[in-house]
2 protein chains.
Amino acid sequence: MRATLADVAARAGVSLATASRVINKSSHNVTPELKKRVLDAVRELNYVPNAHAQALVKKQTTTVGVIVHDISDPYFAQIARGIQKVASEAERLLIICNSYRNPDRELAYIDLLRSQRVDAIILAGSGLNNLDFNHSVSKQIEGFISSGGKVAFIGRHYTPGNAVLPDNVGGALLMGRFLVEQGHQHIGVITGPATLTTTDDRLKGFHIALEEAGLQLPESYIIEGDFSRDGGTLAMQELLARDLPLSAVFALNDPMAIGAMSVLRANRIHVPQDISVAGFDDIPMAEDINPALTTIHIPLIELGRKAMEMVLSENESSQFEIRHVPSKLVIRESVVEFGR
Amino acid sequence: MRATLADVAARAGVSLATASRVINKSSHNVTPELKKRVLDAVRELNYVPNAHAQALVKKQTTTVGVIVHDISDPYFAQIARGIQKVASEAERLLIICNSYRNPDRELAYIDLLRSQRVDAIILAGSGLNNLDFNHSVSKQIEGFISSGGKVAFIGRHYTPGNAVLPDNVGGALLMGRFLVEQGHQHIGVITGPATLTTTDDRLKGFHIALEEAGLQLPESYIIEGDFSRDGGTLAMQELLARDLPLSAVFALNDPMAIGAMSVLRANRIHVPQDISVAGFDDIPMAEDINPALTTIHIPLIELGRKAMEMVLSENESSQFEIRHVPSKLVIRESVVEFGR
DNA sequence: TTGAATATGGAAAACGTTTTCCAATCATTT
DNA sequence: AAATGATTGGAAAACGTTTTCCATATTCAA
């Protein structure tokens with residue numbers, strides 16, 4: 001069947017110990033002659049070490065677990081890309097899990113990753129609220145950390161654990177100010193799920209900008225989306241049905257902005273001439289749609305890179321770090337001055 | 001440190017054997033009373049079984065390895081989505097690896113997955129040519145299969161192994177005929193990497209359509225891209241520089257079509273009035289760009305689903321199956337009749 | 001009360017590797 | 001020729017689980 005190290009040793013006519021010395025490049029010297037015989041045997045038998053046996057004895061795995069909402073969502077795809085980059089430089093293997101923001105699934109995946117004895121867990125786009133977290137997850141995470149595991153959260157901070165956080169409040173503030181500057185006073189807002197802190201923070205930043213300008217944001221101008229493109233279309237349809245004097249729409253992420261634009265287009269409402277549309281995140285396709293999307297740039301790849309770096313660092317696993325990354329306004333074509 | 005099954009048994013005041021019986025729901029009966037004690041101990045100690053120890057003794061892992069070109073490329077993201085769907089229904093864990101079409105990395109990943117003793121490997125978007133494959137990979141794959149592993153390829157078929165294949169020739173034929181019907185005679189083609197059979201097949205289908213119509217496709221109208229958005233922009237720039245009387249451009253996948261459109265837009269060439277643009281694959285964003293992309297629909301999620309199903313089936317792992325999935329033409333806005 | 005059936009415990013092998021310890025062999029130097 | 005050092009082998013423990021076998025204890029029915 002499958003070749004074991006013992007098979008390799010037998011084939012090479014050496015002892016198990018010697019074969020292991022060759023393969024693990026141990027400090028012990030091995031004659032070039034024997035070395036060659038072992039390596040030949042490895043090739044001939046097509047031997048690959050059993051990672052499970054190794055994990056068992058070495059008590060580490062060089063694998064890292066990543067839990068995201070949905071890997072095919074461009075936001076998470078970009079983050080995963082950053083993670084991957086660092087991971088492959090450091091020769092770590094990634095186990096990627098889609099939670100679809102389902103708390104139960106998220107919990108199940110954490111257990112699964114623990115049972116895989118991953119060296120670290122990166123959690124991005126969690127659907128857990130603080131209650132969930134304190135109730136059950138924190139205990140799991142604590143156990144994981146106390147047994148030497150590393151944890152990093154992206155986009156949200158729980159204790160214990162490292163975190164890398166985009167500046168959601170600041171970004172929304174920037175966009176709010178920009179829209180106001182452009183003369184918009186009646187701005188519809190399509191939010192994310194109300195349970196997510198990302199939604200709260202972005203909404204908060206936007207509120208501050210309006211307050212600064214002495215403007216109101218009536219309840220009827222706000223509608224809850226789900227951060228998906230189709231959620232954006234639904235929300236936009238509902239917003240149109242409310243028949244408000246909108247001059248701009250601020251979607252709290254890009255896919256929803258794109259969904260909203262498609263609804264506007266279907267209704268022969270021109271963007272940006274009739275209504276301006278703004279997004280958030282700056283996913284790659286933001287510059288490819290027409291009109292190109294004015295949005296807030298979040299360095300998604302950077303987010304992933306940083307998280308992976310944290311988790312790879314040699315710090316005491318009980319020493320936590322929180323890193324913030326700035327956002328910035330990217331002005332493209334989908335927002336214009338009111339009345340032009 | 002970390003709780004073991006022995007710890008659980010001790011805490012519950014039962015034998016190791018009994019604890020194992022409870023946890024593995026073995027056919028042996030255990031008194032409700034003891035069962036409860038064991039389950040309580042599991043909870044109190046926050047016990048999760050060591051998957052590596054299990055893998056070692058059970059000789060299977062319930063994990064499946066997936067190698068793709070790049071998970072953040074929408075083509076592969078959609079395929080991965082299909083795979084994930086079936087995988088999570090079947091309670092399989094996925095290890096996703098990005099090869100970036102680098103043959104060496106691809107080989108390294110296959111070895112890595114073998115060392116992880118995954119139950120199956122799905123390979124999508126391989127950068128290996130037949131030579132590579134026959135030279136080194138086939139041996140690895142054969143070894144994997146002969147030790148009970150399952151293999152499925154997506155988009156390309158190697159022996160041995162299952163495969164699920166989109167109809168690239170047929171799809172390109174459809175698009176070719178459509179463009180011709182619309183009166184286009186001077187059509188630029190942006191291909192994928194010349195090493196990929198996908199490129200060959202799509203080009204072949206297009207050639208057939210032109211031949212049917214008695215049209216030529218001069219070399220100068222063909223330019224090689226790399227299936228990426230930015231590759232599409234480069235190719236389009238080069239194509240424009242050649243100063244041909246183009247009335248349409250056929251990009252052999254959607255991201256390149258989108259890149260091409262952005263170049264045309266930058267050059268104030270209107271799509272589709274001045275030049276029609278066609279894509280291939282029908283990734284989700286194809287309908288969100290403006291003008292919406294006319295393209296060939298490949299059921300990407302289905303591709304992933306089928307591959308996973310094959311790999312999960314109880315067939316003899318040496319019995320191979322090849323499944324074809326049809327493509328279809330999706331007419332949107334980016335292609336119009338010549339001269340209109 | 002005996003017998004049978006059921007529940008539990010104890011002990012051990014097996015999975016494939018790494019690591020350690022000591023002994024044995026060999027070549028090289030003094 | 002003896003001493004030194006390097007190389008190799010042999011054997012065993014350890015990692016945490018599953019599974020098997022047998023022994024013991026308990027329960028229930030006849």
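To find a chain, count down the sequence lines: A is the first, B the second, and so on, and within it residues start at 1. These figures come from a predicted structure and were not determined experimentally.
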Quiz item: What is the distance, rounded to the nearest whole Å, between atom CG of B:N24 and atom C1' of D:dG16?
Solution: 12 Å

Exercise. For the pair B:E91 and B:T62, evaluate side chain to side chain donor-acceptor pair (under 3.5 Å) and give the outcome as yes or no after the intermediate values.
Key: CA-CA 7 Å; B:E91 305 210 299; B:T62 72; over 6 Å; no

Exercise. Could you tell me whether the side chains of A:Y75 and A:D73 share a donor-acceptor contact shorter than 3.5 Å?
Key: no

Quiz item: Do A:S126 and A:R156 have side-chain N/O donor and acceptor atoms under 3.5 Å apart?
Solution: no

Quiz item: How many Å lie between CD on B:E33 and P on D:dT27, as a whole number?
Solution: 13 Å

Practice problem: Whole angstrom is fine here: how far is it from NZ in A:K35 over to C1' in D:dT7? | Solution: 13 Å

Practice problem: Let me know the distance between CD1 of A:I23 and C1' of C:dG16, rounded to the nearest Å. | Solution: 12 Å

Practice problem: Check whether any side-chain N or O of A:R323 sits under 3.5 Å from a backbone N or O of A:V164 as a donor-acceptor pair, and report yes or no. | Solution: no

Anything under 3.5 Å between a protein N or O and an N or O of nucleotides 9-12 of chain C, put it in a table, one pair a line.
residue: C:dG9; atom: OP2; partner: B:S15; partner atom: N; Å: 3.0
residue: C:dG9; atom: OP2; partner: B:S15; partner atom: OG; Å: 3.1
residue: C:dG9; atom: OP2; partner: B:T18; partner atom: OG1; Å: 2.3
residue: C:dG9; atom: O6; partner: B:R21; partner atom: NH2; Å: 3.4

Quiz item: Which is it for B:L165 and B:H157 under the side chain to side chain contact (heavy atoms under 4.5 Å, CB included) test, yes or no, and what are the steps along the way?
Solution: CA-CA 8 Å; B:L165 305 170; B:H157 177 49; 4.3 Å; yes

Quiz item: Counting only non-hydrogen atoms, which of residues 46-63 of chain B are less than 4.0 Å from DNA chain C?
Solution: B:L56, B:V57, B:K59

Practice problem: Sorted by first residue and then second, give each side chain to side chain donor-acceptor pair (under 3.5 Å) pair with at least one member in residues 80-90 of chain A; sequence neighbours left out. | Solution: A:R81-B:D70, A:R81-B:S72

Quiz item: Counting heavy atoms not belonging to B:K36, are there more than 12 under 6.0 Å from its NZ?
Solution: no

Quiz prompt | Atom-pair distance (CZ on B:R117; P on C:dC15), nearest Å | solution = 13 Å

Practice problem: Indicate the ring-plane relationship of A:Y100 and A:H69, choosing parallel, tilted or perpendicular according to the 30° and 60° boundaries. | Solution: perpendicular

